There are 2 protein chains.
Amino acid sequence: MEKTFEKLKNELKNKNIRLSHQRLKVLEYMSTHKTHPTVDMIYNDLQKEVPTLSKTTIYNTLDTLKNAGLVKVVTIEDNEVRYDSRTHEHGHFKCVSCEEIFDFDIKFDSFATKGLDNFKINNKDVYFKGICPDCSTKQ
Amino acid sequence: MEKTFEKLKNELKNKNIRLSHQRLKVLEYMSTHKTHPTVDMIYNDLQKEVPTLSKTTIYNTLDTLKNAGLVKVVTIEDNEVRYDSRTHEHGHFKCVSCEEIFDFDIKFDSFATKGLDNFKINNKDVYFKGICPDCSTKQ
DNA sequence: TTTCTAAGTTGTAATCATTACAAGTTAATT
DNA sequence: AATTAACTTGTAATGATTACAACTTAGAAA
């Protein structure tokens with residue numbers, strides 16, 4: 001069940017976050033591009049529509065959206081930060097060949113963990129790396 | 001079953017990686033400090049023993065050790081990279097209050113995943129965030 | 001042991017992502 | 001339409017990581 005741009009817009013309104021032109025553009029971009037983009041990808045794409053857009057604004061906006069729970073940060077590699085607007089629980093798989101990031105379903109409750117009694121868990125991330133089917137057959 | 005420094009040293013030898021003084025110092029540090037240190041922490045601590053040590057060497061060495069499978073990179077936050085010499089399968093929990101990273105046992109096979117048929121998985125990372133028991137009681 | 005050399009180390013400089021900041025602009029309330 | 005706190009922008013500062021060239025060394029060979 002994906003959230004539409006309109007729904008996301010309402011969520012911002014409800015949280016008293018101003019609906020600036022730039023913010024809405026970034027939000028719309030995130031809701032239509034499920035590619036786990038980097039700041040640079042967002043910047044390069046959106047600049048075509050909004051030439052005055054600043055990269056600082058994208059950083060600020062993503063931070064705002066992150067705090068509002070509308071986007072998630074994906075740190076699957078140590079040298080790039082990606083953003084994800086799918087906020088339901090799922091895992092991330094990065095193909096080390098084509099660099100694409102795939103979402104996959106995962107039941108966090110199914111984890112058999114030991115040694116976390118009395119730990120308050122607020123956030124769970126599951127990152128896999130390997131080769132995607134397309135890249136496997138190409139080799 | 002933790003690997004001793006001697007065992008790690010042999011693993012380097014077997015992989016034809018030269019046993020330079022600096023490399024052995026970093027390796028020894030990693031095998032005795034299970035704190036998931038950053039490059040800076042390693043640098044600051046080791047400089048006391050090896051004053052001429054360069055930060056570049058630490059980056060190079062950690063990269064070598066990573067490729068040799070003797071250390072793992074932990075990217076639980078988007079603004080710091082940590083290193084781990086425990087290479088058996090386990091998860092990482094970061095306390096957002098005291099910033100400490102805890103290891104926990106987890107059976108990767110217990111994951112119920114959907115949508116990863118035909119994906120070759122080479123690497124799995126599980127990152128949790130929250131509050132550790134000590135910080136919970138202090139509040 | 002001594003010699004030799006490919007590989008490793010070092011310090012400096014370059015790069016790249018992110019953040020700080022001050023001046024100008026705007027959403028949205030009155 | 002006026003007001004103002006919040007937002008945006010461009011530039012500059014910061015901080016982590018990488019590139020590179022000169023120097024040093026581990027370890028093989030003689």
Side-chain angles (χ1 to χ4, degrees), chain A residues 8-30 36-68 70-71 73-83 99, chain B residues 8-30 36-68 70-71 73-83 99:
Chain A
L8 289 166
K9 207 167 142 181
N10 278 329
E11 282 195 47
L12 277 194
K13 211 174 227 167
N14 294 338
K15 296 189 183 187
N16 283 316
I17 297 170
R18 275 202 198 168
L19 279 58
S20 73
H21 183 56
Q22 293 85 342
R23 233 169 235 172
L24 292 176
K25 277 295 177 188
V26 172
L27 190 62
E28 182 188 42
Y29 183 92
M30 291 302 296
H36 314 88
T38 62
V39 165
D40 258 41
M41 294 172 193
I42 302 171
Y43 178 68
N44 289 327
D45 286 353
L46 279 184
Q47 231 189 4
K48 292 164 194 161
E49 291 180 61
V50 190
T52 62
L53 186 65
S54 156
K55 203 176 274 189
T56 303
T57 298
I58 298 184
Y59 277 105
N60 290 338
T61 301
L62 288 172
D63 198 54
T64 303
L65 297 178
K66 183 187 75 180
N67 292 332
L70 299 185
V71 304
V73 179
V74 178
T75 56
I76 199 167
E77 295 279 11
D78 60 359
N79 60 353
E80 79 172 3
V81 178
R82 293 182 169 236
Y83 293 88
E99 311 249 287
Chain B
L8 291 166
K9 207 167 141 182
N10 278 328
E11 282 195 47
L12 277 194
K13 212 175 226 166
N14 294 338
K15 295 188 183 186
N16 283 318
I17 298 170
R18 276 203 199 168
L19 278 59
S20 73
H21 183 55
Q22 293 86 340
R23 232 170 235 172
L24 291 176
K25 277 296 176 187
V26 171
L27 189 62
E28 182 187 43
Y29 183 92
M30 291 304 295
H36 313 87
T38 62
V39 166
D40 259 39
M41 293 173 193
I42 302 171
Y43 178 68
N44 289 327
D45 285 352
L46 279 184
Q47 232 189 4
K48 294 164 194 161
E49 290 180 63
V50 191
T52 62
L53 187 64
S54 157
K55 206 177 270 189
T56 303
T57 298
I58 298 184
Y59 277 104
N60 290 340
T61 300
L62 288 172
D63 198 53
T64 302
L65 296 178
K66 183 187 76 182
N67 292 332
L70 297 186
V71 304
V73 179
V74 178
T75 57
I76 199 166
E77 296 278 10
D78 61 358
N79 61 354
E80 79 172 5
V81 178
R82 292 184 171 234
Y83 293 87
E99 311 249 285

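Throughout, protein chains are lettered first and strands after them, A, B, ... in sequence-line order, and every chain is numbered starting at 1. Values in this document were obtained by computation on a predicted structure and should not be read as measured data. In what follows, every heavy atom counts, from backbone to side chain, and hydrogens, waters and symmetry copies are set aside.
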> So which one's nearest nucleotide on DNA chain D is more toward 5', Y43(A) or D40(B)?
Replying inline: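 Upstream on the strand: Y43(A).
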Rounded to the Å, how far apart are [X] [atom1] and [N] [atom2]?
X      : N       : atom1 : atom2 : result
L24(B) : dG27(D) : CG    : P     : 8 Å
K25(B) : dG8(C)  : NZ    : C1'   : 18 Å
Y59(A) : dT14(D) : OH    : C1'   : 13 Å
I58(A) : dT18(C) : CD1   : C1'   : 13 Å
L46(A) : dT8(D)  : CG    : P     : 13 Å
R23(B) : dA26(D) : CZ    : P     : 11 Å
K15(B) : dA7(C)  : NZ    : P     : 19 Å
K55(B) : dA19(D) : NZ    : P     : 17 Å

>> Check this for me: K15(B), atom NZ, are more than 12 non-hydrogen atoms of other residues, nucleotides or ligands nearer than 6.0 Å?
In response: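 Check passes, neighbour count above 12.
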Expected output: side-chain [X] to main-chain [Y] donor-acceptor under 3.5 Å:
X      : Y      : answer
R23(A) : T61(A) : no
T64(B) : N60(B) : yes
T75(B) : T75(A) : yes

> For DNA chain C, whose closest nucleotide is more 5', that of N79(A) or that of N60(A)?
Replying inline: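 The 5'-side residue here is N79(A).
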>> Apply side-chain contact (heavy atoms from CB on, under 4.5 Å) to residues V39(A) and Y59(A) and explain how you reach the verdict.
In response: CA-CA 7 Å; V39(A) 165; Y59(A) 277 105; 3.7 Å; yes
> What's the closest nucleotide to the T56(B) side chain, out of dC7(D), dT18(D), dT17(D)?
Replying inline: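 Nearest listed nucleotide: dT18(D).
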> Charged N to carboxylate O under 4.0 angstrom, R82(B) versus E80(B)?
Replying inline: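 Result for this pair is yes, salt bridge flagged.
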> Reckon T57(A) has a side-chain N or O less than 4.0 Å from the OP1 or OP2 of dT9(D)?
Replying inline: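 Answer is yes, contact under 4.0 Å.
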Scan nucleotides 23-30 of chain C against the protein and return all N/O pairs shorter than 3.5 Å with their distances rounded to 0.1 Å.
from    : atom 1 : to     : atom 2 : distance (Å)
dA28(C) : OP1    : L19(A) : N      : 3.1

>> Less than 4.5 Å apart, side chain to side chain, heavy atoms only: is that true for L8(B) and M30(B)?
In response: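 In short, these two side chains do not touch, never coming nearer than 4.5 Å.
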